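Computed from a predicted model, the values in this text were never measured in an experiment. Proteins come first, then strands; the chains are lettered A, B, ... in the order of their sequence lines, and each starts at number 1.
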Amino acid sequence: MFTDRYHASEAERHWQAVWDEAGTFEASNDDPRRKYYVLEMFPYPSGRIHMGHVRNYAMGDVVARYRRARGFNVIHPMGWDAFGMPAENAAMQNKTHPAAWTYANIANMRAQLKRMGLSLDWRREVATCDPDYYRHQQRMFLDFLDAGLVTRKKSKVNWDPADHTVLANEQVIDVRGWRSGALVEQRELVQWFFKITDFAEELLTALDGLDEWPEKVRLMQRNWIGRSEGLTIRWALDPATTPAGETELRAYTTRPDTLFGASFLAVAPDHPLASSAAANRPALQAFIEECRRMGTSVAALETAEKKGVDTGIRARHPLDPSWELPVFVANFILMDYGTGAIFGCPAHDQRDLDFARLKGLPVVPVVCPPGADPESFTIGAEAFVEDGRLINSRFLDGMTVPEAKEAVAARLEAADLAGAPQAERQVNYKLRDWGISRQRYWGCPIPVIHCAACGTVQVPRADLPVTLPEDVSFEEPGNPLDRHPTWTHVACPQCGAEARRETDTMDTFVDSSWYFARFTDPWIAEAPTDPKIANRFLPVDQYIGGIEHAILHLLYSRFFTRAMKKTGWLDIDEPFAGLFTQGMVVHETYRSPDGAWLSPEEIRIEGAGAERHAVLASSGQRVEIGAIEKMSKSKRNTVDPDDIIETYGADTARWFMLSDSPPERDVIWTEEGVQAAGKFVQRLWRLVGELATIAAGGDNGGPRDETGDPSVETLAARSVRKAAHRALIAVEEDVERLRFNRCVAHVHELANALSAALGGVEAPVPAASPLARAFHEAAAILVQIFAPFMPHLAESCWSTLGHAGIVSAAPWPTADRALVVEDTITLPVQINGRRRAEITVARDATVHDIEKIVLQNDSVLKVLEARPVRKVIVVPSRIVNVVV
RNA sequence: GCGGGCGUGGCGGAAUUGGUAGACGCGCCGGAUUUAGGUUCCGGUGACUCUAAGUUGUGGGGGUUCGAGUCCCUCCGCCCGCACCA
């Protein structure tokens, strides 16, 4: 009996050193084999890895190790998303420099990741806060500027009062800053923008080609880009009612079919027409100011009550100049979508209806629902927004909605009242340009200089990088760069006069928008990429990370890839061919009677099943087991990966992370679960030990009964090999589809089968006998199929089995598909859809043969009770159904 | 409000995509080993009737089909995303 315990920490240290020395996981840029790029979203160096990282990187590592074994040149790099606010917060609190804090965290986390035994090519490591990284980002910023992909404009921005910085629209969540959680304010600032909207259409249509992305993410991006097709209509204004200088109002609509149902027009409070109309109308002026103040207050956003004030202006209906409509300023019109003006059709838009009821405006239905009587159809509290036939609409009457849309568009496009068409078709997007200016220190400096004479001047490419000054203080809020005594002062590169450096730094999402490209050749000093190499390695074949990046990071990276293509740094459109979004790691929460959160270390679980409860470890006092939630510091339900690795080993942690729950769903971390994984590690170690002994013809204490003739394959040997190859085929299929929980089940199944086979051996097996060889082969397959999951254990087992070299560098075994095909198959037999019997037939039995066998089967005849058979349905190698 | 997803034993979850529901694991029950606990090994484990053989069973109800966890309709419950986008 093989009883040695597997000592994880010792073995793991050993094999990590072996891999390191051999450079096992280094990918060569000259390797002629087919490439495979596995990437997990790189971490922010917060200081310590958490269980979410463990899960994310365990998944990526399985894919990387599997593909490597399958003969791909696998590139699997790791780096650090190292700029950002927390470093500045730490600097303020601890009086450390952000760089010192960041690099110390990186060192710590790198050591933690190494203890996980990940098959990473550490030579490719990059940190985005390294001037050798961000100098290239600055270079690309200038390239983008030259290519017209960057603009600088004054704009209303989202201002985070806690972080003292601007946020992009994507970074405002529920009116709060995505990081600080502070209520965002609107401010007008001059900002740098990446023109992501230039690619709106392409970013949208290319989503269709991303068929290895989750549908959910594609849908979220589609909605975010928010394409709509409509008509911008020019409404002539009645000069008698209109301030001097204004002649028309342009309003965007997606429902031109409802034009005859219009009863008012409305403009945004910050629309130019609103301000000119307000010049001699104090009430309107007051309303506009109220909107501006209320703009972002919680009250305004929560009540969202429709409000508006009449401008006194009257607009003429484009299809009937004698028909005049009032123009309002209304709080629910957004200046930055469409034209900032609408025509309201209350019958067919809920907002317009609410507003019309408030103001007592007409509500005329112009679309009649199918089956309703056009004469009596009226609108109550709810607008009718579905399809139907046009009514009360003159020449449109009787048309369907699409027909009417087209008819109105065609008419207004062609109409030529004042020498110009009255409307033009227009495509609108919700997507806004990406504001990248941040008023922070710890980010990539924007490489421009402001000169009084020359304006905004680029820093010459030869002068890059613009590095951050080190002598900064965080004593006061705001951007330390702004108040730096010397750094800001610089000579204008064009005229030499005194000038001022741009003190905004780039949004950290810029840093993470191209790191995957830098990994392909992180050594090249003179350029962001070597396009030849980058194009060979990209796109990333399998990208793995959290769903929280479904829009921000993934959309920015898709934009950046296109911008890099335009500037010659890449020649691909999409950075990530395959995307997988993994679930979170969640854990029970515990609360003491006084309501305080307790950490898992402070409590002890007693009992099981219905009796299961938690007590305080120190006193035995009963504590409440709360909801299962995402691991977080505030709920104190975190488990530290280092502790787990220390106690059980990295393999156990990795194995448990991939067991049970499907990878896209949340996994519940439990002490029982990790213990079970730990036991399975020991079980595999014992099992492989026994298999090694028996395969070597070692004495297992009984009489000999197995033939020593290697040319005769016995039944026992065949079934051992079958089990192994069946598991091998199943694992291949499930790793490729990232169904790691099923892979775990297949490894268990093979282990169970081999244990049973060993239990069935009552005699010592002669060395080189078919059974001994079958056990040897099966043991090797077992080790190889769990190697991507538990690589250290696999190495130890591999050498126990007497294999030369390391399993991490061994080619994947070739599955014998013919072997697993059974000669006979067992078919369930249903009678009227209920399972009544089972028959065993030859694999190649014909439908006719099977019918005959079924109808002679004793159990079948018994159930039939001589009733006549109406029909026999035979589904080959599946099932037989007899219908009576 | 709009959009999307999900609902299977005590628990996490399988189910070849319309073909034996509950793989695999956790937990539980029983047995063996052990001085004992733990470990390890073997067996059992949806529910109901239990000797047999059955009956029933995938949130509720209805439908299509020889056959439904899977498809359709409807209701209930939970989760996620977006949110005045004209």
Side-chain angles (χ1 to χ4, degrees), chain A residues 1 3 5 173-175 214-220 222-224 226-228 230-231 251-255 258 266 268 300-301 304-306 330-334 336-345 348-352 354-355 382 385 428-432 547-548 550-551 607-612 656 659-662 664-668 670 672-673 675-677 679-680 682-683 686 730 733 739 741-752 755-756 759 826-838 870-884:
Chain A
M1 192 66 165
T3 52
R5 245 189 104 69
I173 298 168
D174 284 339
V175 229
E215 187 49 45
K216 183 188 170 77
V217 174
R218 292 198 282 173
L219 195 71
M220 282 167 72
R222 246 175 235 130
N223 292 340
W224 188 264
R227 183 183 199 274
S228 76
L231 206 60
Y252 177 74
T253 182
T254 56
R255 293 295 303 271
T258 64
L301 288 150
E305 191 191 339
K306 303 275 175 291
N331 64 350
F332 62 97
I333 310 301
L334 306 173
D336 62 356
Y337 185 79
T339 58
I342 61 142
F343 79 76
C345 174
H348 305 290
D349 182 284
Q350 192 59 46
R351 294 157 302 179
D352 296 348
D354 294 344
F355 191 73
E382 278 187 24
V385 296
N428 263 330
Y429 301 91
K430 292 184 204 171
L431 185 70
R432 305 282 84 142
I547 185 78
E548 66 273 20
I551 294 172
E611 306 288 292
R612 189 172 178 280
F656 175 52
S659 308
D660 294 349
S661 287
E664 68 278 9
R665 267 190 244 177
D666 292 351
V667 65
I668 306 171
T670 60
E672 297 94 316
Q675 275 175 14
K679 284 180 191 175
F680 188 61
Q682 297 299 336
R683 182 178 168 214
R686 283 191 307 273
E733 198 183 305
R739 310 208 302 189
N741 55 320
R742 283 173 48 115
C743 295
V744 166
H746 300 314
V747 171
H748 272 282
E749 270 170 316
L750 179 55
N752 290 345
S755 290
T826 302
L827 286 180
V829 179
Q830 294 182 333
I831 292 168
N832 285 346
R834 293 199 181 167
R835 189 177 168 282
R836 298 292 183 180
E838 222 171 58
R870 281 202 292 162
K871 196 151 95 178
V872 180
I873 293 153
V874 178
V875 185
S877 61
R878 281 271 175 273
I879 202 165
V880 181
N881 196 4
V882 180
V883 188
V884 291

Novice: Using 4.0 Å as the upper bound for N to carboxylate O, is an ion pair formed by A/R742 and A/E749?
Specialist: no
Novice: For B/U55, does OP1 or OP2 lie under 4.0 Å from any side-chain N or O of A/R836?
Specialist: yes
Novice: Which listed nucleotide (B/A14, B/G3, B/G19) is nearest to the side chain of A/R665?
Specialist: B/A14
Novice: Does A/S661 or A/F332 map to a spot on RNA chain B nearer the 5' end, using the closest nucleotide for each?
Specialist: A/S661
Novice: Look at A/R835 and B/G67 and indicate whether a side-chain polar atom (N or O) is within less than 4.0 Å of OP1 or OP2.
Specialist: no
Novice: Check the phosphate of B/A14 against A/N741, side-chain N and O only, distance under 4.0 Å to OP1 or OP2. Yes or no?
Specialist: yes
Novice: By nearest nucleotide on RNA chain B, pick out whichever of A/E664 and A/A756 is the more 5' one.
Specialist: A/E664
Novice: Across all strands, who's sitting opposite B/G7 as a Watson-Crick or G-U wobble pair, both distances under 3.5 Å?
Specialist: B/C76
Novice: Tell me whether A/N428 contacts the main-chain N or O of A/S228 through its side chain, where contact means a donor paired with an acceptor under 3.5 Å.
Specialist: no
Novice: Just call it for A/L827: base, sugar-phosphate, or nothing, with non-hydrogen atoms closer than 4.0 Å on any strand.
Specialist: nothing
Novice: Closer than 4.0 Å, any side-chain N/O of A/N752 to the OP1 or OP2 of B/A23?
Specialist: no
Novice: Regarding A/K306 and the six-membered ring of A/F332, is the cationic atom NZ or CZ under 6.0 Å from the ring centre and inside 45° of its axis?
Specialist: yes
Novice: Which nucleotide in the set B/C84, B/G19, B/G25 lies at the smallest distance from any side-chain heavy atom of A/K306?
Specialist: B/C84
Novice: Are any of A/K216's side-chain N or O atoms less than 4.0 Å away from OP1 or OP2 of B/G81?
Specialist: no
Novice: Counting only side-chain N and O atoms of A/R742, is one of them less than 4.0 Å from OP1 or OP2 of B/A15?
Specialist: yes
Novice: Using Watson-Crick or G-U wobble geometry with both distances under 3.5 Å, which nucleotide pairs with B/G27?
Specialist: B/U45
Novice: Only pairs with both distances under 3.5 Å count, Watson-Crick or wobble alike; so what is the partner of B/U20 in this structure?
Specialist: none
Novice: Who does B/G1 pair with, Watson-Crick or G-U, both distances under 3.5 Å?
Specialist: B/C82
Novice: Picking from B/G67, B/G12, B/C82, which would you name as closest to the side chain of A/I668?
Specialist: B/G12
Novice: Please determine whether a side-chain nitrogen or oxygen atom of A/R218 lies at a distance below 4.0 Å from atom OP1 or OP2 of B/G3.
Specialist: no
Novice: Could you tell me which nucleotide pairs with B/U40 by Watson-Crick or G-U wobble geometry, both distances under 3.5 Å, or answer none if nothing does?
Specialist: B/A32
Novice: By nearest atom, which of the nucleotides B/G25, B/G13, B/U40 is closest to the A/R686 side chain?
Specialist: B/U40
Novice: Counting only side-chain nitrogens and oxygens, does A/S228 get under 4.0 Å of the OP1 or OP2 atom of B/A86?
Specialist: yes
Novice: If you check every side-chain atom of A/Q830, which of B/A86, B/G67, B/C41 has the closest atom?
Specialist: B/G67
Novice: Would you mind telling me which of B/A83, B/U39, B/A86 lies closest to the side-chain atoms of A/K679?
Specialist: B/U39
